[in-house]
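Quantities reported herein were computed from a predicted structural model and do not represent experimental measurements.
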Amino acid sequence: EYGDWRPHPERFPNGLAPVKKKLEEYGMRLGLWMSPFTVSKKSEVYKAHPEWLVKDKSGNIILGQGKNPVMCIMSPFFDYLVNTCKRLIDEGATYFKWDGINDDFCYSAVHNHGDNKYEGEERAERYGYGMILAFTKAAKILTEYNPDVVIVYDVTEKAKSNIGLSFWSEARYFWMNNGASWYGDLSKYRTKSIRSIAFNYNQIIPTVLQTAAVYPHNSKIYGAMRYNINTTLLGTNGIWGDLSEMSERDREYVNSITKIYKKVIE
């Protein structure tokens with residue numbers, strides 16, 4: 001369940017260890033996708049700590065990823081999230097993508113962004129300012145816990161009030177996850193917009209801190225695979241999509257280009 005973040009007992013009866021072992025055979029690391037403060041109403045943490053939920057100005061809970069409630073990172077949920085990630089690190093995960101982080105302001109007076117001596121709007125603004133600092137602190141704790149851990153924060157969600165430079169001191173941002181993918185555009189259009197991130201800012205911000213993802217498979221309509229892979233190698237550092245849509249020939253083709261690239265950078 002969202003919030004508990006434990007391997008599904010039927011799909012992963014032996015936990016994450018077999019997955020980690022198989023990935024290591026290919027020289028890969030175990031990475032996990034998380035919507036870090038999204039919780040299912042069926043989750044243990046939701047039932048145990050409803051006081052940690054993000055509330056709007058009327059005191060109603062706010063829904064986030066998958067129309068699930070969200071916890072406030074500036075409440076005791078912070079420690080819960082850090083400890084949950086530590087447990088997953090102990091199980092072998094060294095890469096986290098933190099996704100679905102909407103910036104809906106929290107008006108609660110029982111969290112660490114202001115009590116009743118502050119007006120509701122000020123509590124919300126303090127949350128908007130402090131949220132990214134809290135995530136930065138969490139990333140710092142986790143990377144100190146295990147220096148091999150890499151954390152990527154998806155900033156493509158709605159209404160970001162505060163992104164800033166602080167998070168780059170500990171982890172990475174992820175740009176341009178959606179766009180044309182919403183309406184099934186597998187052409188170069190989406191990838192061109194992604195490539196602009198690396199092109200526009202690479203002289204002041206290392207591209208390794210600005211990850212983005214392109215489609216790896218080759219659309220029969222658009223034939224954009226070469227352009228997409230070149231964009232990844234130029235600095236966006238990621239692919240995103242259904243690898244099963246790639247034929248064996250496509251995988252061999254992408255691998256051949258990547259091998260040449262690796263020889264150059266080495």
S.K.: Would you mind reporting whether T94 and L30 have side-chain heavy atoms less than 4.5 Å apart?
M.R.: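 L30 does not reach T94 side chain to side chain.
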S.K.: Taking a hydrophobic cluster as the set of Ile, Leu, Val, Met, Phe, Trp and Tyr residues connected by side-chain heavy atoms closer than 4.5 Å, whether directly or through intermediates, do I229 and Y253 fall within one such cluster?
M.R.: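 Looking at the clustering, Y253 is in the same group as I229.
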S.K.: Check step by step if side chain to side chain contact (heavy atoms under 4.5 Å, CB included) holds for V54 and M71.
M.R.: CA-CA 5 Å; V54 171; M71 293 290 192; 5.9 Å; no
S.K.: Kindly give the heavy-atom pair with the smallest separation between N116 and A109, and that separation in Å.
M.R.: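 Answer, listing the atom of N116 first, then A109: OD1-CB, 3.2 Å.
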S.K.: Closer than 3.5 angstrom, by distance alone: can the side chain of N83 be matched with the main-chain N or O of D79 as a donor-acceptor pair?
M.R.: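 Side chain of N83 to backbone of D79: a pair is present.
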S.K.: Below 4.5 Å, heavy atoms only, C-beta onward: do T232 and T258 meet side chain to side chain?
M.R.: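 No - every pair of side-chain heavy atoms lies 4.5 Å or more apart.
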S.K.: Is there side-chain contact between M74 and C106, with heavy atoms separated by less than 4.5 Å?
M.R.: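 No, their side chains stay 4.5 Å or more apart.
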S.K.: Would you call E121-K57 a salt bridge at under 4.0 Å N-O?
M.R.: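 Counted as a salt bridge, because a side-chain N and a carboxylate O are separated by less than 4.0 Å.
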S.K.: Do V254 and M246 come within less than 4.5 Å of each other through their side chains, counting heavy atoms only?
M.R.: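 Yes, at least one pair of side-chain atoms sits under 4.5 Å.
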S.K.: Considering all heavy atoms of both residues, which atom of P36 and which atom of L81 are nearest to each other, and what is their separation?
M.R.: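 Shortest heavy-atom separation between P36 and L81 comes out as O-CD1, 3.6 Å.
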S.K.: Give the cluster check for W98 versus L165: same hydrophobic cluster or not, with ILVMFWY residues linked at side-chain heavy-atom distances below 4.5 Å.
M.R.: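 In one cluster: yes.
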S.K.: Main chain of E122, side chain of H113: is a donor-acceptor contact present, judged purely on distance under 3.5 Å?
M.R.: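 Not a single qualifying donor-acceptor pair exists.
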S.K.: Any chance you could measure F96, atom CZ, to L88, atom CG, to the nearest 0.5 Å?
M.R.: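 Rounded to the nearest 0.5 Å, the CZ-CG separation comes to 5.0 Å.
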S.K.: Mind checking whether R87 and R6 have side chains closer than 4.5 Å, heavy atoms only?
M.R.: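 Side-chain contact under 4.5 Å: yes.
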S.K.: So that I can tick it off, tell me whether K21 and E25 are bridged by a salt bridge, with the cut-off set at under 4.0 angstrom between side-chain N and carboxylate O.
M.R.: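 The answer is no: the pair does not qualify as a salt bridge.
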S.K.: Check the hydrophobic clustering (I, L, V, M, F, W, Y; side-chain heavy atoms under 4.5 Å; chains of links allowed) and say if F78 and Y80 are grouped together.
M.R.: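 They do share one cluster, since a chain of ILVMFWY contacts under 4.5 Å joins F78 to Y80.
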S.K.: Donor-acceptor pair, T38 side chain versus G3 backbone, under 3.5 Å?
M.R.: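 Not at all, since once roles are kept as given, no pair shorter than 3.5 Å links the two residues.
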S.K.: Do other residues, nucleotides or ligands put more than 12 heavy atoms under 6.0 Å from the CD atom of E44?
M.R.: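 Not more than 12 within 6.0 Å, no.
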S.K.: Heavy atoms only: give me the nearest L16-P7 pair and the separation to one decimal.
M.R.: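 Looking at all heavy atoms of both residues, the shortest contact is CG-CG, 3.8 Å.
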S.K.: Centroid-to-centroid, F135 to F167, below 6.0 Å?
M.R.: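 Aromatic pair excluded; centres sit 6.0 Å or further apart.
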S.K.: Are any non-hydrogen side-chain atoms of N68 and Y46 less than 4.5 angstrom apart?
M.R.: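 No - every pair of side-chain heavy atoms lies 4.5 Å or more apart.
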S.K.: Side-chain contact, heavy-atom cut-off 4.5 Å: S108 with R123?
M.R.: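 S108 does not reach R123 side chain to side chain.
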S.K.: With a cut-off of 6.0 Å (strictly less than), are more than 12 heavy atoms of other residues, nucleotides or ligands near CD of E248?
M.R.: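 Counting neighbours around CD of E248, 12 or fewer heavy atoms of other residues, nucleotides or ligands fall under 6.0 Å, so no.
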S.K.: Okay, side chain of D56, backbone of S58: is any donor-acceptor separation there less than 3.5 Å?
M.R.: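 Yes, the answer is positive, given that a donor and an acceptor are paired below the 3.5 Å cut-off.
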S.K.: Walk me through it: do V82 and L142 pass the test side chain to side chain contact (heavy atoms under 4.5 Å, CB included)?
M.R.: CA-CA 7 Å; V82 168; L142 295 174; 4.1 Å; yes
S.K.: Please report the C-alpha distance between W33 and D99 in whole Å, then the side-chain angles of each, then the deciding distance to 0.1 Å, and finally whether the side chain to side chain contact (heavy atoms under 4.5 Å, CB included) criterion is met.
M.R.: CA-CA 7 Å; W33 173 93; D99 197 357; 3.0 Å; yes
S.K.: What verdict does the side-chain hydrogen bond (donor to acceptor under 3.5 Å, both in side chains) test give for N60 and Y107, after you've listed the backbone C-alpha separation in whole Å, the side-chain angles of each residue and the deciding distance to 0.1 Å?
M.R.: CA-CA 10 Å; N60 301 312; Y107 288 78; over 6 Å; no
S.K.: Is there a side chain to side chain contact (heavy atoms under 4.5 Å, CB included) between M34 and C85? Walk through the geometry before answering.
M.R.: CA-CA 10 Å; M34 296 178 69; C85 289; 4.1 Å; yes
S.K.: Does the side chain of I62 come within less than 4.5 Å of F105's, by heavy atoms?
M.R.: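 The answer is no; the side chains never approach within 4.5 Å.
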S.K.: My understanding is that only one of V150, D148, L32, V149 makes a side chain to side chain contact (heavy atoms under 4.5 Å, CB included) with Y95; could you say which?
M.R.: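 Answer to the side chain to side chain contact (heavy atoms under 4.5 Å, CB included) test with Y95 among V150, D148, L32, V149: V150.
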S.K.: In terms of heavy-atom contacts, does CD of E119 have more than 12 from other residues, nucleotides or ligands at under 6.0 Å?
M.R.: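 At most 12 heavy atoms, drawn from other residues, nucleotides or ligands, come within 6.0 Å of this atom.
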S.K.: With under 30° as parallel and over 60° as perpendicular, where do the rings of Y2 and W5 fit, or are they tilted in between?
M.R.: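 Y2 vs W5 ring planes: perpendicular.
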S.K.: When you group the ILVMFWY residues by side-chain heavy-atom contacts below 4.5 Å and let the links chain together, are V110 and F77 in the same group?
M.R.: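 Different clusters.
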S.K.: Applying the 4.5 Å side-chain criterion to the ILVMFWY set and letting contacts propagate, would I73 and Y118 be lumped into a single cluster?
M.R.: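 No; tracing contacts between hydrophobic side chains, which count when under 4.5 Å, never links both residues.
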